[in-house]
Amino acid sequence: MKEVKKEKLETSIGDSTSIGDSRSALGALTVYLITGLFLVVGFWVVGNNYSVDLISDPALTLRLLWSIEFPIVVIIYSLFRRNPEECSYFRAVGRSIIGLISGALINALGAVSLGAPIGMQSLPKTIHWSFLMSVFTFVPATAVFGASWTDWHRVFASLKPTGNIEYMIVIPAYGAIIGGWFGAWPMPLDWERPWQEWPVCVCYGGIGGYIVGQIVSLSLMLFLRKSKNLKLA
């Protein structure tokens, strides 16, 4: 039964080179709804089981969010790994874990270099924010591409995605990064609001940007489908 469900999800999105298929858009929507649902579940668990939120206890909230979101992202995106004949599903899962840690380190270094506080009180917040951002930005790509520098460079540096899965990887990832950057703008303002503390507004911006990126990628798939149909007409 599990294999049948996996096959249906893979078929609904299509392979990495198919663009503009209605099934692809439906499959992408399914993936986004599932991952979004787990994000909502994370906030629900934090609020109902621990009675905290990003403002009152950002470290605990972020730790629970990425811990709940990470497994479902790995489970889904590992289905779309490159060269499945050579790379097993469990190998894709394993390299996703490496991607989670590597991405968290890069995100943390980037945040600190841009002015994130580095004191002991802020360290747990920065660590768990970095893990959540890694789930949004690095984990899907490592599950699909692995260590293929060619794919990483083409998709993220050259911005030349060639298929549905690649659009689903790169656009939400950049959305999370841009959203986090915009979310940091209120931090230095002298409003003295609790949500201005690191990394509350940055986290909200990153999550919002990630969701916007999903909407944009889905809209692009539908637009490409319409363009393809017009060309065939």
Side-chain angles (χ1 to χ4, degrees), residues 2-39 69-89 91-93 95-96 99-100 103 134-179 207-233:
K2 290 183 179 180
E3 292 298 326
V4 173
K5 290 182 178 179
K6 287 182 181 179
E7 186 175 334
K8 286 183 178 179
L9 186 55
E10 289 172 343
T11 303
S12 66
I13 295 182
D15 60 32
S16 61
T17 59
S18 62
I19 305 177
D21 193 324
S22 59
R23 294 179 304 171
S24 303
L26 180 60
L29 177 61
T30 302
V31 170
Y32 292 158
L33 288 176
I34 293 173
T35 55
L37 176 63
F38 272 73
L39 201 57
E69 185 75 2
F70 172 66
I72 192 62
V73 170
V74 173
I75 289 171
I76 292 178
Y77 281 91
S78 293
L79 295 173
F80 310 108
R81 63 198 180 278
R82 287 291 172 83
N83 302 318
E85 299 81 8
E86 301 176 5
C87 175
S88 69
Y89 181 81
R91 182 180 177 184
V93 172
R95 68 193 188 190
S96 299
L100 172 71
S134 182
V135 172
F136 292 158
T137 56
F138 275 80
V139 172
T142 51
V144 176
F145 302 142
S148 174
W149 169 250
T150 302
D151 289 322
W152 281 83
H153 185 272
R154 175 176 54 79
V155 173
F156 285 98
S158 299
L159 294 178
K160 294 180 179 178
T162 58
N164 304 309
I165 301 302
E166 294 181 3
Y167 280 108
M168 292 171 61
I169 290 172
V170 65
I171 299 179
Y174 272 111
I177 295 170
I178 295 171
I207 293 174
Y210 182 68
I211 295 172
V212 170
Q214 290 180 329
I215 296 172
V216 171
S217 66
L218 185 60
S219 301
L220 185 58
M221 289 183 194
L222 294 173
F223 173 77
L224 291 172
R225 173 199 171 195
K226 184 177 180 180
S227 299
K228 182 178 179 180
N229 292 338
L230 289 175
K231 288 181 180 180
L232 293 175

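Computed from a predicted model, the values in this text were never measured in an experiment.
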To the closest 0.5 Å, what do you measure between CZ (R95) and OG (S78)? 7.5 Å
Flag side-chain contact, heavy atom, 4.5 Å: S158 against H153: yes
Between the OH atom in Y174 and the CG atom in L159, the distance rounded to the nearest 0.5 Å is 5.0 Å
As a quick check of understanding, evaluate side chain to side chain contact (heavy atoms under 4.5 Å, CB included) for Q214 and M168, giving each step before the final call. CA-CA 7 Å; Q214 290 180 329; M168 292 171 61; over 6 Å; no
As a quick check of understanding, evaluate salt bridge (charged side-chain N to carboxylate O under 4.0 Å, His left out) for E166 and R82, giving each step before the final call. CA-CA 11 Å; E166 294 181 3; R82 287 291 172 83; 2.2 Å; yes
Counting only N and O atoms by type, is there a donor-acceptor contact under 3.5 Å from the side chain of R81 to the main-chain atoms of T142? no
With heavy-atom distances below 4.5 Å as the criterion, would you say the side chains of L100 and F138 are in contact? no
For the pair Y32 and S217, evaluate side chain to side chain contact (heavy atoms under 4.5 Å, CB included) and give the outcome as yes or no after the intermediate values. CA-CA 10 Å; Y32 292 158; S217 66; 2.5 Å; yes
Could you check K160 against V155 for side chain to side chain contact (heavy atoms under 4.5 Å, CB included), going step by step and ending with a plain yes or no? CA-CA 5 Å; K160 294 180 179 178; V155 173; over 6 Å; no
Any donor-acceptor N/O pair, Y89 side chain to I75 backbone, under 3.5 Å: yes
Shortest non-hydrogen separation from G213 to I171 and the atoms involved: O-CG2, 3.2 Å
Got a sec, which residues hit side chain to side chain donor-acceptor pair (under 3.5 Å) with S134, two or more places apart in sequence or on another chain? none
Under the criterion side chain to side chain contact (heavy atoms under 4.5 Å, CB included), I'd like the reasoning laid out for I169 against F156: C-alpha separation, chi angles, the key distance, then a yes or no. CA-CA 9 Å; I169 290 172; F156 285 98; 3.7 Å; yes
I need the L79 CG to I165 CD1 distance, nearest 0.5 Å. 9.0 Å
Testing the basics here: between L222 and A25, what is the closest heavy-atom pair and its distance to 0.1 Å? CD2-CB, 3.5 Å
Please report the interatomic distance CG(L39) to CD1(I207), rounded to the nearest 0.5 Å. 5.0 Å
Working to the nearest 0.5 Å, report the span between CG of N83 and OG of S88. 12.5 Å
Search all heavy atoms of I72 against all heavy atoms of E69 and return the closest pair with its distance. CG2-O, 3.1 Å
Distance from L29 atom CG to I34 atom CD1, nearest 0.5 Å? 9.5 Å
Side-chain heavy atoms of Y77 within contact of V139, under 4.5 Å: no
Fit a plane to each ring of F145 and W152, take the angle between them on a 0 to 90° scale, and name the class: parallel (under 30°), tilted (30 to 60°) or perpendicular (over 60°). perpendicular
Nearest heavy atoms of L218 and A28, plus distance in Å: CD1-CB, 4.2 Å
